[in-house]
Amino acid sequence: MTDQGVPEHLLKTRNQEPVTLLEAISEALFEEMSADDDVFLLGEDIGVYGGAFKVTRGFLDHFGASRVIDTPIAEGGFTGAAAGAAHMGLRPVVEIQFMDFISPAYDVITNYIATSRYRGAGPLPLVIRGPVGGGNRGGPFHSQNVEMAFFHTPGLKIVYPSTSYDAKGLLKAAIRDDNPVLFEEHKGLYRAPALREVLPDEDYVVPLGVARTVREGTDLTLVTYGAMVHKSTEAAEILERDDGASVEIIDLRTLLPMDDEAVVESVKKTGRLLIVHEDTRTGGIAGEIAMRVSETAFEWLDAPMMRVTAIDAPVPYSGSLEDYFLPQTEDIVEAGRYLVAY
Amino acid sequence: MTDQGVPEHLLKTRNQEPVTLLEAISEALFEEMSADDDVFLLGEDIGVYGGAFKVTRGFLDHFGASRVIDTPIAEGGFTGAAAGAAHMGLRPVVEIQFMDFISPAYDVITNYIATSRYRGAGPLPLVIRGPVGGGNRGGPFHSQNVEMAFFHTPGLKIVYPSTSYDAKGLLKAAIRDDNPVLFEEHKGLYRAPALREVLPDEDYVVPLGVARTVREGTDLTLVTYGAMVHKSTEAAEILERDDGASVEIIDLRTLLPMDDEAVVESVKKTGRLLIVHEDTRTGGIAGEIAMRVSETAFEWLDAPMMRVTAIDAPVPYSGSLEDYFLPQTEDIVEAGRYLVAY
Amino acid sequence: MTPDAGDAPESSSGLPRSAIPFAGTGRDSREPVHADDTADSILGNAELRDLFSAVAVSRAAASRLVALEDAGLVRGAPNRPAFREGGAVGVAHALRPASDGTGDIFAPTFRAAGALERYGLSLDGFFEEHLAGRAGPFREVGTELHHVDLQAGLLAPVVPLGLLVEVVGGMCLGFRMRGEARVGVVCDSDGATSTGAWHEGLVFAAARRCPMVLVVEAGREDEAAARRHSRLESFTEKARGYGLGSASVDGADLSEIVVAVRHAAERARRGDGVQLVEIRYTGVDPLERLRTRMVADEVASEDELATLEARAASRCAAALERVRNASLSGAHDTLPGVYAESERTDRRIWADPGSTQAV
Amino acid sequence: MTPDAGDAPESSSGLPRSAIPFAGTGRDSREPVHADDTADSILGNAELRDLFSAVAVSRAAASRLVALEDAGLVRGAPNRPAFREGGAVGVAHALRPASDGTGDIFAPTFRAAGALERYGLSLDGFFEEHLAGRAGPFREVGTELHHVDLQAGLLAPVVPLGLLVEVVGGMCLGFRMRGEARVGVVCDSDGATSTGAWHEGLVFAAARRCPMVLVVEAGREDEAAARRHSRLESFTEKARGYGLGSASVDGADLSEIVVAVRHAAERARRGDGVQLVEIRYTGVDPLERLRTRMVADEVASEDELATLEARAASRCAAALERVRNASLSGAHDTLPGVYAESERTDRRIWADPGSTQAV
Ligand SMILES: Cc1ncc(C[n+]2csc(CCOP(=O)(O)OP(=O)(O)O)c2C)c(N)n1
Ligand SMILES: Cc1ncc(C[n+]2csc(CCOP(=O)(O)OP(=O)(O)O)c2C)c(N)n1
Ligand SMILES: [Mg+2]
Ligand SMILES: [Mg+2]
């Protein structure tokens, strides 16, 4: 790829300047579209307007209206259409403006897209991506995490990055994957200054299904993903400083398929497991993780497996209530302390 | 309620004849509609045709077309309309022809109905009921269990009966409940001869949120619901006969809110937990149960918590593959034997 | 069994052949309505003044919100194109609200304070609601203005577009079942017509001849952008495919809106089924249009109207002042409310396995 | 950047103003199509004989399936009203199939064997598919006839109604993007028009001017029942609200179906966007209608047609015989296929915690 005609704001990595998680995602999309004519984008206001969060700013001018498609407000319609295009060998990437609005596409995703290969239609390369997560005073309809709506459906993959490096590499891997992939982008991380980093100026991918050990430790395994990776890291530092506890943090990165081995190996080392997710509690992913660890590493457990999560309610709009609703660093510290002392 | 004008086939309990689970459901609907003018029905082909499974046979003639509403094929439309009617003080009962087709209503159920009370709209008495489950060679679109699509959504209740007595009592409780309730009816149980029983000729309810101890035991707690209650009972009898093992079976009956106390008390007695569900494995309800038991009864566990479930795939159409896909009695025996010997 | 009116055929024009009375419920007889489609065509002077004030209040409140948003105190302030207050104000004015749960239902998309005021939400409530976290009319949860007041007949703009068509259709089904002479009006943006929810809601409500008016607020300020959403000249072209009566009005002309919605509501009320009203916004200021007309028709002088406008502004300022000075109520006891039983009031971010209580 | 044809306006009639060539993809130039709307209006004798045979095969195969179902060997045999084979057969005949993945796409709702045969599914395959559990063309999983063969251009009737409108729309978007002169035809029952999926799929495909033909198979055998689903006289009344061209044909008249679908396909192919064709079934037998006409027009004698019918029946009998005698292949190795990687081939009903392998 030459830099010719590439919009300035998409040349940061080329120029070895740091990028935000949002910019990393823009770069991944831009590079995959440049490298493969079959990759194209669909979504609401992604063309003329450049996307609600400006992820695709400049794309329409560069790639043209047939590869950057402004859709009607019909998430089911254009997600289903993306599946049809994928049948024809194209590699569509769908943006859901806020992932809360993936619900109208629930039918086509679970009944058609997830079962497509099983029903004999061959590969279905399709990425459905968009912003998720709370903490932005977005209220109940602009703050949801959507992983558990789809985690139970065989045939889908689910990715949820926590760093700029991972976001870019995972998105590229997702676009190249022959399966439908849901890709969740935490809007609180989009422009977080702490996540700005200089990325390798090369075509790298982060493979799906492989977790990352964020920090090593011996006393407690903390399994998490997305924005909670950062709160967990804060908590681990507090526990190290105040309690002398050594906490290992596993960032799942891909929720489905899950990297069981990484989790189980760590638990076998520490004997203690705390799962932290931003999503609400009941029916959250913590349950599946606990079940798998129980099935495979029960004898290694020295303490109950526990979880820190949001409470079971819609996301409140009020700021004080949203803080109360979401898991906070202090909650993780408290639960971690309890387990380490167990 | 007098018997005057009641269709003959709905007078079985009145005449103290045994009823199937399907008939128990019909009676519950009929009695609630007779007792409360605000209760009414919506669904595809429920009126003139009496429903795909004939649950509402005779209802149209008895209650008239304004209380037994044949709808267009628009599950989102009529489920949302039911919510609107509930706002007006009515108590709608929606039939989804096969629960697989609840997907088009996923948006309105999770975003509108489940959050309605939280958003200040007061009680929302609404039951969404319909047939679920495999084993009938129905293929991927007529066999699904839908609990895990909704289990994660705060604000909903989920009920899944296993006996005729419970089906009637739970459905009446659901209709009288001021919250939206999903009510799953396993089509393999609808007309199962073994489930025919004479019900009390009185107005009874089975309260939501309370599990039932199907059989007492001391060596292993087996938590299950729906059709798996019967396979689990078979397995328990084999384990008792062949291994001398004493298996306690808990039928959850209500999945949300879950009767944690019943599960935990039993595990504290037996020290061993096996969860059996017909639904697929990853992200199944077993995870949440294991998590809760880990959180509250870890010290009582003498063996890993384990699960027997369907495999992670769409429901196959082929008979031999569907049998292979579904959990069978022999699988439960095998897992139970492993745990008892642990 | 009375045959259900919902199954009665109609003419192929898609317009109802006749007014079919609500039948088949066997409950209360409904209030008889002898609507005359032309009766309300001319608005009285008092009505015009009310409309002017309501638009002025909407605009004053909106500019207060923009200032609050700039100060970081509010999120979700209206960010839609200017000059669209007329729709919500006109629709609210055309209806029959009641504070005791017996009035017409109003489900706006544009949160115009002057329209909401007519539907029981005080200006104080309007600002409290926006400044969620304070003791607003709807607890502390705040609702990002997803305010619901079923007594007043006001239904929140739930965010996933189209859903309210389904819900309001069902509320109107309730009116029919109970023989109540009420209507429900649901407003939606033009983009919402693309949603499956809009379609399914309309298909159901049309099949049941629900007394519902569907307002499509069509943004035609930027014709090219509008065409990106739909190839249609007018959303009334969609009416025939659902068998609805329809009308299209100029979003800058308050009288036109009020008259059209009133007539649509009367048709719905008397049993003609769902009606569609398109309101076209073209970037023309409804307040100035109304001012010019009222002055020309000698309904009011420039000075009188300026006084009404000033009064609207000062009412907003005073309300906001009161709200900002109000003390925060205790915080977290207002979180429950997910279930009718309001169980699980504890926070439970993590559970202490030492106590089964905590589960 | 070439302006995208998808944004071109059109006349308010809802019918496309002109044939807009596929533009904006900058890829292969597409095969030029100089369609003449009247060119194919008269079917040749060979075509009529093919149609007759295809309907006869469909009917013979369906009656075999009913027998298999009565014997408990098949579930999901067609149980829709009689005399509807004409639609699927006529549509398949109107299209240009190809076995190498370059032909038109056909997504039927009625599984007429004679239509599927034209789309590459042999009679053996047809029965194997129904007798799932045997070594059918689509592995052992069986698909309850949700058969997909993208090479042949055949798309399974996925059960949740309406979804295929979304998917086929996207396939047709693919044709446009690649400059291929192909069309996709998606059939759906009348009831499916109520679904949000049908609506959203159509809204998207219409906005993108996808080369798609939407066939609505309208059951008008029982007019009262039909009216319960929709108040419309004809589903063509829905076309205007989406800006589509449309036609309505008699489901018992094979030539009418073929000509109408062929014309609609040509219009779609040349860039006029989505076309809607309603096929009305009124309980009239298309085979008898065709027989009468062919004999009257001296296309074939009664005897010749009887021979064609007998041949259709014996082909079905032979195919079924072969399939029933075929041995079952080994069972469970065909279960995987959920993911492209086909991981997790083990059964894993329960996991042995002794081995991490098992997770
Ligand atoms: C189902 C759904 N998808 C997406 C959104 C996000 N969204 C909110 S407003 C909007 C644009 C609305 O455009 P239009 O209908 O033209 O309304 P207006 O211009 O009048 O605001 C979108 C996409 C939503 N609210 N609901
Ligand atoms: C979304 C969805 N809801 C429900 C069903 C179940 N279903 C299958 S066929 C059918 C009736 C179809 O009626 P109609 O459209 O008139 O078709 P036809 O009479 O031609 O079979 C229904 C409700 C479905 N397949 N998909
Ligand atoms: Mg707009
Ligand atoms: Mg039909």
Side-chain angles (χ1 to χ4, degrees), chain C residues 3-17 20 160-163 165-166 190-209 216 223-244 246 272-274 276, chain D residues 3-17 20 160-163 165-166 190-209 216 223-246 273-274 276:
Chain C
D4 175 40
D7 290 333
E10 61 190 342
S11 75
S12 66
S13 70
L15 288 168
R17 192 145 52 198
I20 297 165
L161 291 165
L163 287 187
V165 179
E166 301 176 351
D190 47 13
T193 64
S194 296
T195 65
W198 188 90
H199 176 74
E200 291 202 0
L202 199 45
V203 164
F204 178 82
R208 302 308 301 171
R209 297 190 88 74
V216 179
E223 196 59 24
R227 288 302 177 116
R228 230 174 292 127
H229 278 306
S230 168
R231 300 172 165 280
L232 303 179
E233 295 275 321
S234 162
F235 286 92
T236 54
E237 294 177 48
K238 288 196 173 281
R240 184 168 169 200
Y242 299 88
L244 317 179
S246 69
D272 286 357
V274 181
L276 185 150
Chain D
D4 177 40
D7 291 334
E10 62 189 341
S11 74
S12 66
S13 72
L15 287 167
R17 193 146 51 199
I20 298 164
L161 291 166
L163 287 186
V165 179
E166 302 177 350
D190 47 13
T193 63
S194 297
T195 65
W198 188 90
H199 176 74
E200 292 201 359
L202 200 44
V203 164
F204 178 82
R208 302 306 302 169
R209 297 191 87 75
V216 179
E223 197 58 25
R227 290 302 177 113
R228 232 173 290 127
H229 279 305
S230 166
R231 298 172 168 281
L232 303 178
E233 294 276 321
S234 162
F235 287 90
T236 55
E237 294 177 47
K238 288 195 173 284
R240 184 169 169 200
Y242 299 89
L244 318 178
S246 69
V274 181
L276 185 150

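Chain identifiers are assigned alphabetically (A, B, ...) following the order of the sequence lines, protein sequences preceding nucleic acid strands; residue numbering begins at 1 within each chain. Keep in mind that what you see is a predicted model, and the values were worked out from it rather than measured.
- Separation of atoms NZ (D:K238) and CZ (C:R240) is listed at 11.5 Å; rounding is to 0.5 Å.
- Residue C:S194 comes nearest to D:V203 through the heavy atom pair OG-CG1, 3.5 Å, listed as atom of the first residue, atom of the second, then distance.
- Using a 4.5 Å cut-off between heavy atoms, C:S234 does not touch chain D at all.
- The two residues D:H199 and C:T195 have their closest heavy-atom pair at CD2-O, 3.3 Å.
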